[in-house]
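Source: prediction; values computed, not measured. In this chain, residues are counted from 1 in sequence order.
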Amino acid sequence: MAITKSETGSNSMLSKTTPGLGGKHGLYSTNGVHELLECPVCTNLMYPPIHQCPNGHTVCSDCKIRVHNCCPTCRYELGDIRCLALEKVAESLELPCRYQSLGCHDIFPYYSKLKHEQHCRFRLYNCPYAGSECSITGDIPTLVAHLKEDHKVDMHDGCTFNHRYVKANPNEVENATWMLTVFNCFGRQFCLHFEAFQLGMAPVYMAFLRFMGDDIEAKKFSYSLEVGANGRKLIWQGIPRSIRDSHRKVRDSQDGLIIQRNLALYFSGGDRQELKLRITGRIWKEE
């Protein structure tokens, strides 16, 4: 599958749709009526309020603002005319999920379709790379290749790891993110993150693991992280977070191993002027 740029994001290995959103199997309208519901500006399906100009040309509410209340088809002023007939027609339609080609085969009433697609398990995933704003989306195999080829992220086979983080002049690092490794483990992929940031007034380091898949699958795994020296040790055990959650969201929830800078420098030994942390970890599958 090709890498795409999109605002939404899919796991082709999961086949169930999100419960409680009204999905069902069946036939849907193929008479082209749904094409009338495509906004001529953004080409997305229109939802109430649907606006029209005096000549009957329609546009979605978002694009009405974008075109400065001027009909994109005939250039007449749009005003505040609602296309109530088209809104009523929409209520009778049933349409496939936009991720049908990725494995979602359910059909939804028009006004339930958008809500389903926001939670569909087949929607694409955002690139999980930390440290830059990457707009690439794709399925998991596509993103694994993207991380390796475009972001030069290290790939590691195995469920245990031992990483050493070395940084000269750590006091100069107030806000930094590192994503050093993707682990192939139990046939799935996990992203190891390490960050430096301010927690309140205190400078801290944080390490955590994210799962390349949905939250339901992520909860089938656990992991531990350990750091220490000089007879002292910090241990964290948790459940990897799905990459549906951004790395910033995970960091801000403090769901990982947090090390105060003073303690990190103590673990580093020497003159406490250089960061030398060795973090070991293990991933296992819950029975």
About how many Å separate [atom2] of [Y] and [atom1] of [X], when rounded to the nearest 0.5 Å?
{"X": "Leu36", "Y": "Met46", "atom1": "CG", "atom2": "CE", "result": "8.0 Å"}
{"X": "Phe161", "Y": "Tyr223", "atom1": "CZ", "atom2": "OH", "result": "8.5 Å"}
{"X": "Leu225", "Y": "Ile235", "atom1": "CG", "atom2": "CD1", "result": "10.5 Å"}
{"X": "Gln260", "Y": "Leu265", "atom1": "CD", "atom2": "CG", "result": "11.5 Å"}
{"X": "Tyr110", "Y": "Glu94", "atom1": "OH", "atom2": "CD", "result": "14.0 Å"}
{"X": "His116", "Y": "Cys104", "atom1": "NE2", "atom2": "SG", "result": "3.5 Å"}

Tell me whether [X] contacts the main-chain N or O of [Y] through its side chain, where contact means a donor paired with an acceptor under 3.5 Å.
{"X": "Gln198", "Y": "Met201", "value": "yes"}
{"X": "Glu87", "Y": "Ile50", "value": "yes"}
{"X": "Lys148", "Y": "Leu143", "value": "no"}
{"X": "Asp139", "Y": "Thr142", "value": "yes"}
{"X": "Gln189", "Y": "Val144", "value": "no"}
{"X": "Ser242", "Y": "Gly213", "value": "yes"}
{"X": "Ser268", "Y": "Ala264", "value": "yes"}
{"X": "Arg241", "Y": "Phe208", "value": "no"}

Applying a strict under-4.5 Å side-chain criterion to I, L, V, M, F, W and Y, I'd like to know whether [X] and [Y] cluster together.
{"X": "Tyr47", "Y": "Leu78", "value": "no"}
{"X": "Leu93", "Y": "Tyr111", "value": "yes"}
{"X": "Leu45", "Y": "Val41", "value": "no"}
{"X": "Phe194", "Y": "Leu263", "value": "yes"}

Minimum side-chain heavy-atom gap [X]-[Y] below 4.5 Å:
{"X": "Val250", "Y": "Asp252", "result": "no"}
{"X": "Met206", "Y": "Leu257", "result": "no"}
{"X": "Lys249", "Y": "Ser246", "result": "yes"}
{"X": "Leu86", "Y": "Leu37", "result": "yes"}
{"X": "Arg261", "Y": "Val204", "result": "no"}
{"X": "Thr58", "Y": "His51", "result": "no"}
{"X": "Leu209", "Y": "Ile283", "result": "yes"}
{"X": "Val227", "Y": "Lys233", "result": "no"}

Considering all heavy atoms, the nearest [X]-[Y] contact:
{"X": "Cys74", "Y": "His57", "answer": "SG-ND1, 3.5 Å"}
{"X": "Gln52", "Y": "Cys83", "answer": "OE1-SG, 3.3 Å"}
{"X": "Cys191", "Y": "Val182", "answer": "SG-CG2, 4.2 Å"}
{"X": "Val59", "Y": "Cys39", "answer": "CG2-SG, 3.9 Å"}
{"X": "Cys127", "Y": "Leu147", "answer": "SG-CD2, 4.0 Å"}
{"X": "Ile239", "Y": "Ala218", "answer": "CG2-O, 3.6 Å"}

Do [X] and [Y] have side-chain N/O donor and acceptor atoms under 3.5 Å apart?
{"X": "Thr181", "Y": "His163", "value": "yes"}
{"X": "Tyr266", "Y": "Arg232", "value": "yes"}
{"X": "Ser222", "Y": "Arg282", "value": "no"}
{"X": "His247", "Y": "Arg210", "value": "no"}
{"X": "Tyr125", "Y": "Asp214", "value": "yes"}

Could you please spell out the steps behind the side chain to side chain contact (heavy atoms under 4.5 Å, CB included) verdict for Leu277 and Arg164? CA-CA 5 Å; Leu277 281 181; Arg164 192 172 184 85; over 6 Å; no

Measuring centre to centre across the rings, with the benzene-like ring taken for any Trp, is Phe211 within less than 6.0 Å of Phe221?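 Phe211 vs Phe221: aromatic centres under 6.0 Å.
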
Chi angles and distances behind the salt bridge (Lys or Arg N to Asp or Glu O under 4.0 Å) call for Lys219, Asp215: CA-CA 6 Å; Lys219 291 177 179 176; Asp215 187 60; 3.2 Å; yes

Salt bridge (Lys or Arg N to Asp or Glu O under 4.0 Å), that's the test. Do Asp106 and Lys113 meet it? Break it down for me. CA-CA 10 Å; Asp106 284 351; Lys113 177 177 179 289; over 6 Å; no

Taking it one step at a time, do Glu286 and Lys220 satisfy salt bridge (Lys or Arg N to Asp or Glu O under 4.0 Å)? CA-CA 5 Å; Glu286 297 290 350; Lys220 297 178 181 179; over 6 Å; no

Evaluate side chain to side chain contact (heavy atoms under 4.5 Å, CB included) for Glu226 paired with Ile279, printing each intermediate quantity in order. CA-CA 6 Å; Glu226 180 179 311; Ile279 297 180; over 6 Å; no

Derivation of the side chain to side chain contact (heavy atoms under 4.5 Å, CB included) call for Phe267 and Leu234: CA-CA 10 Å; Phe267 287 156; Leu234 284 178; 4.2 Å; yes

Give the intermediate values and the outcome of side chain to side chain contact (heavy atoms under 4.5 Å, CB included) for residues Ile243 and Ile140. CA-CA 10 Å; Ile243 59 171; Ile140 299 303; 4.1 Å; yes

Neighbour count above 12 (heavy atom, 6.0 Å) for [X] [atom1]:
{"X": "Arg82", "atom1": "CZ", "value": "yes"}
{"X": "Asn55", "atom1": "CG", "value": "yes"}
{"X": "Ile216", "atom1": "CD1", "value": "no"}

Measure the acute angle between the ring planes of His156 and Phe183, then classify it against the limits of 30° and 60° as parallel, tilted or perpendicular.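 Aromatic pair His156/Phe183 classed perpendicular.
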
Parallel, tilted or perpendicular, as decided by the 30° and 60° cut-offs, for the rings of His151 and His146: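 It falls in the perpendicular class, over 60°.
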
Scan Cys97, Pro96, Ser112 and name whichever one has a side chain to side chain contact (heavy atoms under 4.5 Å, CB included) with Ile107.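 One option only clears the test, and that one is Pro96.
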
Cys185/Cys159 sulfur atoms closer than 2.5 Å: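 Their SG atoms fall under 2.5 Å; a disulfide, then.
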
